Each structure stands twice: as C-alpha cells, then as structure tokens.
Amino acid sequence: MKSLANAMSRIPPDECGPFAVLGKATELERQGKKILHFEIGQPDYKSPEHISKAAIDAIKDGYTGYVGTSGIYDFKEAIQDEIETTRGYRPNLDQILVVPGGNTGIFLAMASVLNPGDEVIYPNPSFPTYALAAHYLDAKHAFVPAKEKNDFRLSPADIIERITDKTKLIVINSPQNPTGAVTKKAELEEIAAIAEEKDIFIFSDEIYSKMLYDEKHYSCSVQDSAKERTILLDGMAKAYAMTGWRLGYLVAPKEIINKMCQFVVTSYSCVPPFIQKAGIAALKGDQTFIQKNMTVFRKRRDAIVKGLNSLPNVSCVTPQGAFYAFPNITKTGMSSIDLADRILQETGVACLPGPAFGECGEGFLRFSYSTSLEIIDEAIEKMRIFLETI
Ligand code: PMP
C-alpha cells in the first residue's frame, strides 16, 4: 500500500488512552474477570428524562432534515442566554457555532488559527486531543507543565516563559482533565492579559464549567467577550450526562465562526436538529439535578482521595473540579504504564496511566471516579493488597 498522508502519520498511536484501556478491560471482562471501571470520563447516570423526551418529540415532529450550519436559531438563543448568565456577557448570534461534541470543537478551533510551524502552548498533562490536533496541523508544541506542587494549576509565569514570536495560541482547560485542577480567576485574568498584550489567541475548553466543588467558574473569555481573541468551548456531555449525543458549542470572534462554518459545510454539514432540540431542553430545563449530582460527586471525590492517600507509596492532591483524581505513584518505583497495567491484570481495577495525557503525566495515574462509593472502596482495598505485595 502507498504511504498515508503525512498529516495522518503524525498522529501518534493510542496505546494507553481511555479507549485503549477500555478495550483491554472489556476483553478481560469477556474472559470472566471482574473489572472495576475508572478509565472512561463520563457520568454514570443516564441523560435526564426531559432531555431525551425533547429529542424523541422533535423526531416525531419532523425535526429530521438538514439545518443551517451554525445551529438552529432557538438553540443559539439558548446559548446566548446561557453565556450571559454564566459568564456575564451576551455573545452575538454570529459568534456561536453548534458542534457535534467537544472534540470536534477543539479540532475546529485549532485548525482555524494554526499554520504549520506556529507554536501552541498547552498544559501537560492535558486532554490528548490538543496534542493530537497540533500534530495533525504540524504546529509546534510548547507545553506548560501542570505541576503537582501548584495543585496542577497553570502558572502564568510558566506561560510567559514559553511565549516566542511564533506563539499563536494558548490552550486553557479549567476545570482540567486529567487532574481536576481549577485555575484561579486572578491567574486566568493574568493569562488573558498576557494574550492581549502579545496578540495571541486563547482557546478556553470549559467543558467541565458546571462541575466545580467550591469555587465559582470563571471564563477568561470575559476579557474580550469572545470578540477578539478568545474561543470558548462548552458542551452538554459532562454536566448533562450526554456524552453519546455529541453536542457542544463554540463562542468566538465572528470572523472565526464564519470561516469554521464554511469548513463545516463540507464535512459534517450540521448538527442534527433533534439533537439541538435536546440541547435547548438541557439549557432551558431543570438545572437542580446538576447540583445534586455534584453533591454525590463530592462524596466520591472525598472517598477516593482519602482511599488513595491511605495506600502505600501513593499520594493524591484534592481535585477542585470535574471527576478525576490524579495520584502520584512515583514512590512505588514503577512506571505509570506498568503499574496501571499490573493493577488492571492483577486486581481488575481499570485506570489510566498519566502519560496518556502527555509526558509530564509520568509518575501519575488517572482515576475517573464517576462510580459508586462501594466500587471506590472495593477498588481501594484491592489496590491496597496488591501494593503491599510489590
Ligand atoms: N475537553 C475535555 C477537557 C474533555 O475531557 C473532553 C472529554 N473527555 C472533551 C473536551 C470532549 O468532549 P466531547 O465528549 O463532547 O467530545
């Protein structure tokens, strides 16, 4: 076979990411082994009934054809309201693009601003799609370590250190995957000010914006109301338990949205209208379940952090958002990949090795604690027995 496109061959193989580990864990399950799942980042509850009903009704009512690329009017209006209430500014309709999931939003945002050779600054460890899109686009990486001693928050000083005259984009993700870190308002304001001074775009992935334990969410898009340099991503996947619906949105300068729309016409064309109707039900319907779910998640967080800290040679900082714990395992003397694999094979606990999120993830594991307190306790006890024997 002839060689593939260079852009495709720049994409690294996924050997230890969520779907690779899920594949291994599912195969062990098929062979009869009991598996406790901590690898995939999605809520363990169903999409709320009123959201599903809105989609079913919309299908019955005939919302099944093509619609405008940027999104249906009512959903974009709901997004305007949402941004106004949660971020404090009202974007214009031409600043909004509805996307089929956050991942697509990340790719579109990065593809809109990065040329080959441009530099992109993003945290390491971080959600793998940033690195993947940067590789695909042949952009240069300049990562900022998300340091454990700083509770994995990005430091504005570290960002400044990495800025060159080639830097085109800074990627921010707060609350963060895989560490659960929440960057402070003052730090985000400082990063936004640096970007303005140096004329750099910001991509702010706020997919966990409704999943904070103590602090209030702050968006650095407030600085320019997403009119000049900020591209904001949010979506329905996490807080509304809609990962499989593939629904999110971008808020960005209208010139960027306009170009993205031209690109989208020739790819997925539009997000299905009945899915967008479900999005309206999500944003406009009952929101109280989110706080209730966060109360449940807080108990799980406290249980897993306490449990991990009680294990030999393991320590874990308390995450402030999302549903991920990122314990330090360096004292076990094993590499993250070997340890995650042995834990899976020998205890049936499926978690991810930190390097699945970049080289600075070495020495850590990621646990998605979107599971019951009983399973968390069982996993901790199984890992205790295993860690005491190595
Ligand atoms: N951004 C971050 C930080 C994520 O963790 C995820 C999903 N794990 C996404 C984006 C992608 O979200 P979606 O499922 O909507 O594509």
Side-chain angles (χ1 to χ4, degrees), residues 14 16-22 37-44 47 51 71 75 79 97-111 120 122-134 143-144 146 152-154 169-183 188 202-212 217 219-221 231-251 264 267-268 271-272 275-276 278-279 282-283 297 319-326 351-352 354 356-358 361 366-370:
D14 174 21
C16 59
F19 288 96
V21 175
L22 177 68
H37 291 278
F38 290 84
E39 72 277 42
I40 289 282
Q42 67 180 341
D44 60 332
S47 312
I51 296 177
F75 188 36
I79 293 166
L97 173 64
V98 175
V99 290
N103 267 314
T104 309
I106 297 171
F107 181 79
L108 284 173
M110 294 181 67
V120 47
Y122 58 91
N124 191 331
S126 65
F127 184 55
T129 304
Y130 315 134
L132 220 107
F143 63 71
V144 178
F152 299 110
R153 298 194 320 274
L154 279 195
L169 176 70
I170 300 171
V171 175
I172 295 169
N173 172 217
S174 176
Q176 209 234 12
N177 181 8
T179 63
V182 173
T183 307
L188 289 168
I202 293 188
F203 175 62
S204 182
D205 181 343
E206 302 178 22
I207 210 100
Y208 298 100
S209 64
K210 293 182 191 286
M211 307 197 92
L212 282 84
H217 178 66
S219 169
C220 57
S221 69
I231 307 173
L232 179 156
L233 169 74
D234 206 338
M236 277 62 224
K238 310 292 174 170
Y240 296 96
M242 292 175 71
T243 49
W245 295 71
R246 315 308 301 132
L247 185 60
Y249 58 86
L250 293 165
V251 181
V264 163
S267 52
Y268 60 85
V271 172
I275 300 283
Q276 297 191 51
L283 290 183
F297 273 126
Q320 298 302 318
F323 38 74
Y324 305 115
F326 204 63
C351 65
L352 299 184
F357 302 90
R366 190 198 78 169
F367 288 80
S368 168
Y369 53 83
S370 179

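Indexing begins at 1, ligand by ligand and atom by atom, following the structure's order. This one's a predicted model, so the numbers in the text were calculated from it and none came from an experiment.
The closest approach between any non-hydrogen atom of W245 and ligand 1 is not below 4.0 Å. Residue R246 places a heavy atom less than 4.0 Å from ligand 1. A heavy-atom separation below 4.0 Å is found between K238 and ligand 1.
Looking at heavy atoms from C-beta onward, F19 lies in side-chain contact with I40 at the 4.5 angstrom threshold. I231 is not listed as a side-chain neighbour of L233, based on a closest heavy-atom distance of 4.5 Å or more.
Scanning the protein for heavy atoms near atom 6 (C) of ligand 1, the closest one is F127 CZ, 3.4 Å. The protein heavy-atom contact nearest to atom 1 (N) of ligand 1 is D205 OD2, 2.6 Å.
Under the 3.5 Å distance criterion, with hydrogens and angles disregarded, a donor-acceptor pair is assigned to the side chains of S219 and S221. A donor-acceptor pair shorter than 3.5 Å cannot be found between the side chains of Q176 and S174.
For ligand 1, none of its N or O atoms has an N or O atom of Y324 under 3.5 Å away. Looking at ligand 1, you'll find an N or O of N177 within less than 3.5 Å of one of its N or O atoms. Residue contacts with ligand 1: G101 is placed with no nitrogen or oxygen under 3.5 Å of a nitrogen or oxygen of the ligand (distance criterion only). Inclusion of T243 in the set of residues having an N or O under 3.5 Å from an N or O of ligand 1 is not warranted.
Atom numbering of ligand 1 starts at 1 in the shown order; those under 4.0 Å from a heavy atom of Y208 are 3 (C), 4 (C), 5 (O), 8 (N). Against a heavy-atom cut-off of under 4.0 Å, I207 is close to the following atoms of ligand 1: 1 (N), 2 (C), 3 (C), 4 (C). Taking every heavy atom of G102 and a limit of under 4.0 angstrom, the matching atoms of ligand 1 come to 12 (O), 13 (P), 15 (O), 16 (O). Below 4.0 Å from some heavy atom of Y130 lie the following atoms of ligand 1, by number and element: 3 (C). Heavy-atom proximity to N173, at under 4.0 Å, picks out these atoms of ligand 1: 3 (C).
Not one N or O on the side chain of T129 forms a donor-acceptor pair closer than 3.5 Å with the backbone of N103. Put simply, the side chain of N173 gets close to the backbone of D205: a donor and an acceptor are under 3.5 Å apart. Between the side chain of K238 and the backbone N or O of T243 there is no donor-acceptor pair closer than 3.5 Å.
Two rings, from F143 and Y122, have their centers 6.0 Å or more apart. If you look at Y208 and Y324, their ring centroids are closer than 6.0 Å.
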